[in-house]
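Throughout, protein chains are lettered first and strands after them, A, B, ... in sequence-line order, and every chain is numbered starting at 1.
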2 protein chains.
Amino acid sequence: MKERRIPKETIDRLPLYLRCLDKLIEQGEENISSENFSNRLNLNSAQVRKDLSYFGDFGKRGVGYETKKLASKIRTILNLDQKWKMALVGVGNIGSALLTYSGFDRRVFEVTMAFDRNPQLIGQEIDGVEVEDVSTVSDRIAEENVKLGIIAVPASSAQKVAEMLVKGGVTGLLNFAPTLLDLPEDVQLAQVDITKELEQLVYYL
Amino acid sequence: MKERRIPKETIDRLPLYLRCLDKLIEQGEENISSENFSNRLNLNSAQVRKDLSYFGDFGKRGVGYETKKLASKIRTILNLDQKWKMALVGVGNIGSALLTYSGFDRRVFEVTMAFDRNPQLIGQEIDGVEVEDVSTVSDRIAEENVKLGIIAVPASSAQKVAEMLVKGGVTGLLNFAPTLLDLPEDVQLAQVDITKELEQLVYYL
DNA sequence: CAGTGTGAAGATGTTCACAGCG
DNA sequence: CGCTGTGAACATCTTCACACTG
């Protein structure tokens, strides 16, 4: 096990390794070589070996990596062996899509609270989650000890919402609003910016 | 004007510059310095100057960059001074959210066609767009000369849908399914992977 | 002997520092 | 005089190449 700093690009790839491993496990594969891995993910095989070696020596020379053991190890590294409750703010188009989104593994990620400012929505139940008044968000998430927040409000109110979530104790934010958020250093941010993706995409066309 | 290759990180940042400029223009600002820019976007000011200089010498020494001229230039670089019609495949949670999403500038990006395989959805109209049978997608987008496709189907059918879209002539894809797509070299891909974002996020918590 | 783990080389991106222009 | 544009230094990430091991 090395003590070197881990490149964020490596962290970027871990979820992809994991997905690939889960597929292999389902198919009954017990081992995979870095070469095979790299073909499936369009990477260089040395990249795969280096990425994995940051966390210890998992591979068997001449054989490869044990799929089950490696998958479980990656889950531990990424903190996926616990349940993350999430608070959603903004139950509009995207927000309500997330509430009913079936792509999450609910043993790991689940939206357990939802907030909006629209009185028509407050009190309604969507997929088992009751929409609450956004003005109560700081207190409520502190009460429920929720550490992840999802911002699905218009850009104009995103910063305000972020501050309310931080006040309530979240340490991670997933932001769908096309805005740069100004956050305390100890709060992590993941940004999903659809318009930006499209704008970049068409540059290459 | 330099002939150097442009780093993709630079292309990544152009949409952010543009957003920032649009805000400044709205506020009536006529000029902005690289220093001011870099503060707003949490970058190094040399970075800003280098990024912009790839496309020509837009700045006035001692003054900065003309907001309107620069915004217009960036739009041209990114190919945003034309209208991009988009075909959406998969009118589920995320798909229907995208159909009614108000975050796009409709002079640039608009979902003009939608497809699904669910007979209950086919024929329905959502936000002015009629949902058509996915089996017709290749022909229909060729007919309408649509060059951008959005994949919002489950991972299991994403590759198949991608192939239908490519057959119909798209050159750019925005994929929401958590899968690696295997595409021809001349088809550009943008990936929006919410689960991956979350998995990376919690690593840092 | 196939396939890992890893120094070293190479590629790419960022920041510094300053000459030079408006 | 202020701020751009840009070589050069630095930092980071990727790939090569090969010693070594199960």
Side-chain angles (χ1 to χ4, degrees), chain A residues 1-17 20-21 24 29-71 73-74 77 180 200 203-204, chain B residues 1-17 20-21 24 29-71 73-74 77 180 200 203-204:
Chain A
M1 180 95 180
K2 294 287 133 51
E3 270 310 322
R4 271 186 276 169
R5 220 195 94 271
I6 291 147
K8 64 177 179 329
E9 272 79 3
T10 295
I11 303 304
D12 247 64
R13 283 185 291 266
L14 289 184
L16 304 180
Y17 295 143
C20 190
L21 285 166
L24 289 163
E29 300 289 336
E30 310 237 310
N31 293 284
I32 182 170
S33 68
S34 62
E35 179 71 27
N36 186 338
F37 238 135
S38 69
N39 290 148
R40 290 167 186 266
L41 299 173
N42 302 324
L43 300 169
N44 180 296
S45 68
Q47 180 90 81
V48 174
R49 293 197 297 280
K50 188 149 281 192
D51 280 347
L52 298 178
S53 74
Y54 283 119
F55 305 98
D57 298 4
F58 300 141
K60 286 200 184 70
R61 297 177 194 230
V63 181
Y65 301 87
E66 260 184 66
T67 50
K68 281 188 187 167
K69 211 164 91 184
L70 183 56
K73 186 68 193 184
I74 292 179
I77 293 165
L180 235 82
Q200 286 162 218
Y203 168 80
Y204 294 101
Chain B
M1 181 94 181
K2 291 289 131 49
E3 269 311 321
R4 271 186 277 170
R5 220 194 92 274
I6 292 147
K8 63 178 181 325
E9 271 79 1
T10 295
I11 302 302
D12 247 64
R13 284 184 291 266
L14 289 183
L16 304 179
Y17 294 144
C20 191
L21 285 166
L24 288 163
E29 300 289 338
E30 309 237 311
N31 292 283
I32 182 170
S33 68
S34 63
E35 179 72 27
N36 186 338
F37 239 135
S38 69
N39 290 148
R40 290 166 187 266
L41 299 172
N42 301 325
L43 301 170
N44 179 294
S45 67
Q47 180 91 81
V48 174
R49 293 197 296 279
K50 187 149 282 193
D51 281 347
L52 298 178
S53 74
Y54 283 120
F55 304 99
D57 298 6
F58 301 140
K60 285 199 186 67
R61 291 169 199 236
V63 180
Y65 301 86
E66 260 184 65
T67 50
K68 282 187 186 168
K69 209 164 89 182
L70 183 56
K73 184 70 193 182
I74 293 179
I77 293 164
L180 234 81
Q200 285 163 217
Y203 168 80
Y204 295 101

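- For A:R5, a side-chain nitrogen or oxygen approaches OP1 or OP2 of D:dC13 to under 4.0 Å.
- In this structure, of C:dT14, D:dC16, C:dT4, it is D:dC16 that holds the atom nearest to the side chain of A:A46.
- At the phosphate of D:dG5, OP1 or OP2 sits under 4.0 Å from a side-chain N or O atom of B:Y65.
- Taking the C1' atoms of five terminal pairs at each end of the helix from C:dC1-D:dG22 to C:dG22-D:dC1, the two resulting helix axes are inclined by 10°, rounded to 10°.
- In this structure, B:N31 places its CG atom 16 Å from P of C:dG22, rounding to the nearest Å.
- Within the 4.0 angstrom heavy-atom criterion, base atoms lie near B:G62.
- If you check C:dT4, D:dT4, C:dT14 against the side chain of A:S33, the one that comes closest is C:dT4.
- The side chain of A:D57 lies closest to C:dT6 when the candidates are D:dT6, C:dT6, C:dG20.
- The pair A:E66-A:K60 meets the salt-bridge criterion, with a side-chain N (NZ, NE, NH1 or NH2) lying under 4.0 Å from an Asp/Glu carboxylate O.
- Between A:K8 and D:dT12, a side-chain N or O to OP1/OP2 separation shorter than 4.0 Å is absent.
- For B:K50, counting side-chain heavy atoms from C-beta on, the closest listed nucleotide (C:dT15, D:dG22, D:dC13) is C:dT15.
- The line from CZ of B:F37 to CG of B:L70 is 5.5 Å long, rounded to the nearest 0.5 Å.
- Relative to the side chain of B:R49, the nucleotides D:dT6, C:dC21, D:dC13 differ in distance, and D:dT6 lies closest.
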Just do the side-chain hydrogen bond (donor to acceptor under 3.5 Å, both in side chains) check on B:D51 and B:Y17 with the steps written out, would you?
CA-CA 10 Å; B:D51 281 347; B:Y17 294 144; 2.6 Å; yes
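- Annotation: of the two residues near DNA chain D, A:K60 and A:E9, the 5′-most nearest-nucleotide partner is A:E9.
- Residue contacts for A:S34: at a heavy-atom cut-off of 4.0 Å it reaches the sugar-phosphate backbone alone, with no base atom in range.
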